[in-house]
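Both ligands and their constituent atoms are indexed starting at 1 by order of listing. These numbers were taken from a predicted model, which means no experiment stands behind them.
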Amino acid sequence: MSHSLEVESWNRRRSGFYNRNNGLLRMKTFYIETFGCQMNVHDSEKVMGTLLRRGYRQVDSPESADLVLYNTCSIRDKAEQKVFNRLQQFKKTGNGKVFGVLGCVAQQEGERIFERAPHVGMVVGSASYHKLPDLLGQLETGNRRVTGLELDTDETFETPFARRDNPHRAYITIIEGCDKSCAYCVVPFTRGPERSRGSGGILREARDLAETGYTEIQLLGQNVNSYRDPSPAGWDFATLLRNVACVPGMRRVRFTTSHPRDFVKEIIDAIEDVPALCNHVHLPVQSGSSRMLGRMQRLYTRDEYMRRIEWMKRASRDIAITTDIIVGFPGETEEDFEQTLQLLDEIEYDSLFSFKYSPRPNTPALRLEGQIAEEEKGRRLTILQEKQRAIQIRRNAGYVGTVEEVHIEGYNKALQQWIGRTSQNKTLNFYDAPNDGSKEDLLGRYLPVRVTRAGPNSLVGERVQ
Ligand code: 5AD
Ligand code: SF4
């Protein structure tokens, strides 16, 4: 091959042209839609960075994209169906586009996706994202179907090119995968074994983010507090928290999601000692009944969970506590459910996410007896949510009159309110002095706000001058 031909072919590949069916197909634009958790949101940011780096351009509709990616979630059946609905829409009109399924549904369904949706060209689970450049290369050079489905990896997906979408809060993945085996959960099958990143790389990323102007960071992991530094420093999670929170310029550090089993007192001690660590812990309980926790293979009892709650309640800082709850897990009796309701009264969570149990492929709970009718799950969910709503109204009312520091994330023109968030992760919207000049100036700033009104899901206040 002559030199100029070589250069031309290299340029073509670099700029994302590829040869398919003997014709040159432009493959320069991509569209990505993300479902599921914050891990997925941040994975997508890294995928976007990888594509932009390769010369692709992002567009905001699937119709105008050459490569259409769905980063999927399979935690509940409803989430899983979303991607198949999307793919269905393009079954006839998607000619010429390449469709890619990423994330948890990709890992779970694997090559079966090609059968259900023959127009899909790429299926990649999150444990294989480090291979994305290679897989994209294969697509660009004409491979019709590429897959990345290996789970037994010790690699994490790190890229210096993440394209961060949220200008106020930056995510950093510190641990991927999950070594637990909760009976209802697909995650161990979709995200592979736990892999922690070295603390040096995490700190470097936090410092870089601070230098580019980020003041708030959220550390991510399916079981974020199971973090174990693989580098010689050997930090545990609490030590990592303290160090990230001391990065110059960092005002707020959050973390999610914690598993109660690995939630040690040192984490609360760190929050008490270091002001930049936020007053908020998300600690999914799933059920208030020890019998159900056993069936769910959660590895703690109600009493053990309560001990962790007591550490937080006794702390000098007013730590907001939030949780996840599943109703209607197989075998849940009326009495088990009652115990969950009592737990809500006892703890008074600041907020919670609640779900009807959804049977998932491969999970041990599929084989459990005592599956509960959808109607009954719905009834329990409504009762639980009504109770929690009353608790939130009561708790939030307690903030009226207090002054909270908010991080300003936006402006709601219709309501003429600034949108702020407290350290406790509560939304506190506020009015500014009527003739304060430039509104844009407040975005990203931290200001004291006096709470004047409270609803179940947010607070309203006035800026303290
Ligand atoms: N059905 C219902 N909810 C589930 N969750 C996880 N798996 C299931 C399932 N099969 C919930 C748990 C978890 C949250 C992210 O989703 O509460 O903490
Ligand atoms: Fe959904 Fe769980 Fe996968 Fe996140 S890890 S995308 S919540 S299935």
Side-chain angles (χ1 to χ4, degrees), residues 32-45 47 70-83 101-109 124-129 151 157 171 173 175-195 220-225 256-261 263 281-288 292-293 295-300 305 322-330 332 340 343 349 351-368 371-372 374 377-378 380-381 384-385 388:
I32 185 166
E33 182 175 1
T34 307
F35 305 94
C37 60
Q38 277 149 328
M39 292 283 287
N40 257 19
V41 171
H42 185 41
D43 280 346
S44 287
E45 291 180 337
V47 170
Y70 296 111
N71 192 1
T72 60
C73 172
S74 61
I75 198 98
R76 284 168 291 276
D77 186 53
K78 238 196 218 160
E80 180 178 332
Q81 290 320 317
K82 279 186 193 158
V83 64
V101 178
L102 309 178
C104 293
V105 176
Q107 189 65 51
Q108 184 186 286
E109 294 301 307
V124 187
S126 70
S128 302
Y129 288 162
L151 263 188
F157 179 39
Y171 298 118
T173 309
I175 173 169
E176 292 178 10
C178 175
D179 283 348
K180 303 277 188 300
S181 51
C182 302
Y184 49 77
C185 189
V186 288
V187 174
F189 309 99
T190 61
R191 285 190 168 264
E194 276 178 5
R195 290 99 66 200
L220 296 179
Q222 240 68 48
N223 287 320
V224 75
N225 55 326
T256 202
T257 293
S258 298
H259 191 289
R261 163 75 170 230
F263 199 87
V281 172
H282 184 65
L283 199 63
V285 66
Q286 313 301 358
S287 169
M292 293 312 292
L293 292 172
R295 282 172 74 83
M296 290 176 170
Q297 298 170 204
R298 285 291 285 174
L299 309 175
Y300 55 86
Y305 182 85
T322 57
T323 202
D324 295 343
I325 287 178
I326 297 176
V327 299
F329 186 77
E332 186 185 66
T340 300
L343 186 87
Y349 287 109
S351 80
L352 59 76
F353 298 105
S354 50
F355 313 99
K356 290 191 278 187
Y357 166 69
S358 167
R360 305 312 294 132
N362 306 320
T363 57
L366 279 184
R367 294 189 301 272
L368 288 179
Q371 300 287 333
I372 293 183
E374 275 307 298
K377 289 183 203 168
R380 292 182 191 179
L381 191 69
L384 183 106
Q385 289 176 341
Q388 180 59 22

To the nearest 0.1 Å, how far is [atom] from its closest protein heavy atom, and which atom is that?
{"atom": "atom 7 (N) of ligand 1", "value": "Tyr184 CD1, 3.3 Å"}
{"atom": "atom 10 (N) of ligand 1", "value": "Ser358 O, 2.8 Å"}
{"atom": "atom 15 (C) of ligand 1", "value": "Asp324 OD2, 3.7 Å"}
{"atom": "atom 1 (Fe) of ligand 2", "value": "Cys73 SG, 2.4 Å"}
{"atom": "atom 2 (Fe) of ligand 2", "value": "Val187 CG2, 3.2 Å"}
{"atom": "atom 3 (Fe) of ligand 2", "value": "Cys104 SG, 2.2 Å"}
{"atom": "atom 6 (S) of ligand 2", "value": "Asn40 ND2, 3.2 Å"}
{"atom": "atom 4 (Fe) of ligand 2", "value": "Cys37 SG, 2.3 Å"}

* **Aromatic Phe355 / basic Arg76 pairing, under 6.0 angstrom, 45° off normal** => yes

| query | Yes or no on side-chain hydrogen bond (donor to acceptor under 3.5 Å, both in side chains) for Tyr184 and Arg295, after CA distance, side-chain angles and deciding distance? | reply | CA-CA 10 Å; Tyr184 49 77; Arg295 282 172 74 83; over 6 Å; no

Phe189 and Gln107 have their tightest heavy-atom pair at O-CG, 3.5 Å

Here the pair of heavy atoms bringing Tyr305 nearest to Pro284 is CE1-O, 4.1 Å

> Using heavy atoms and a threshold below 4.0 Å, how should the contact between Ile75 and ligand 1 be classified: side chain, backbone, both, or neither?
Replying inline: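 Both of them.
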
Logged contact type for Phe355 with ligand 1, heavy-atom cut-off 4.0 Å, is side chain

- Ser44/Asn71 under side-chain hydrogen bond (donor to acceptor under 3.5 Å, both in side chains): CA gap, chis, key distance, verdict: CA-CA 7 Å; Ser44 287; Asn71 192 1; 3.0 Å; yes

Whether the side chain of [X] engages the backbone of [Y] through a donor-acceptor N/O pair (distance < 3.5 Å, no angle test) should be reported.
{"X": "Arg380", "Y": "Val327", "value": "no"}
{"X": "Ser258", "Y": "Phe263", "value": "no"}
{"X": "Asn223", "Y": "Cys178", "value": "no"}

Mark up the atoms of ligand 1 that fall under 4.0 Å of a heavy atom belonging to [X], in ascending order.
{"X": "Arg76", "value": "1 (N), 2 (C), 3 (N), 4 (C), 5 (N), 11 (C), 16 (O)"}
{"X": "Lys356", "value": "1 (N), 2 (C)"}
{"X": "Gln286", "value": "12 (C), 13 (C), 17 (O), 18 (O)"}
{"X": "Tyr357", "value": "1 (N), 2 (C)"}

Steps toward side-chain hydrogen bond (donor to acceptor under 3.5 Å, both in side chains) verdict (Thr257, His282) = CA-CA 6 Å; Thr257 293; His282 184 65; 4.8 Å; no

Checklist line | Lys/Arg N to Asp/Glu carboxylate O, Glu332 vs Lys377, below 4.0 Å | finding: no

*asked:* Between ligand 2 and Gly103, can you find any atom pair, the residue atom being a heavy atom, that is separated by under 4.0 Å?
replied: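 Per 4.0 Å heavy-atom rule, Gly103 does not contact ligand 2.
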
Could you tell me whether ligand 2 has any atom less than 4.0 Å away from a heavy atom of Gln222?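 True for this residue.
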
From the list Gln297, Met296, Arg298, side chain to side chain contact (heavy atoms under 4.5 Å, CB included) with Cys182 holds only for Arg298

- prompt: Can you list the ligand 2 atoms lying under 4.0 Å from a non-hydrogen atom of Arg191?
  reply: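 Contacts of ligand 2 toward Arg191, numbered from 1: 3 (Fe), 5 (S).
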
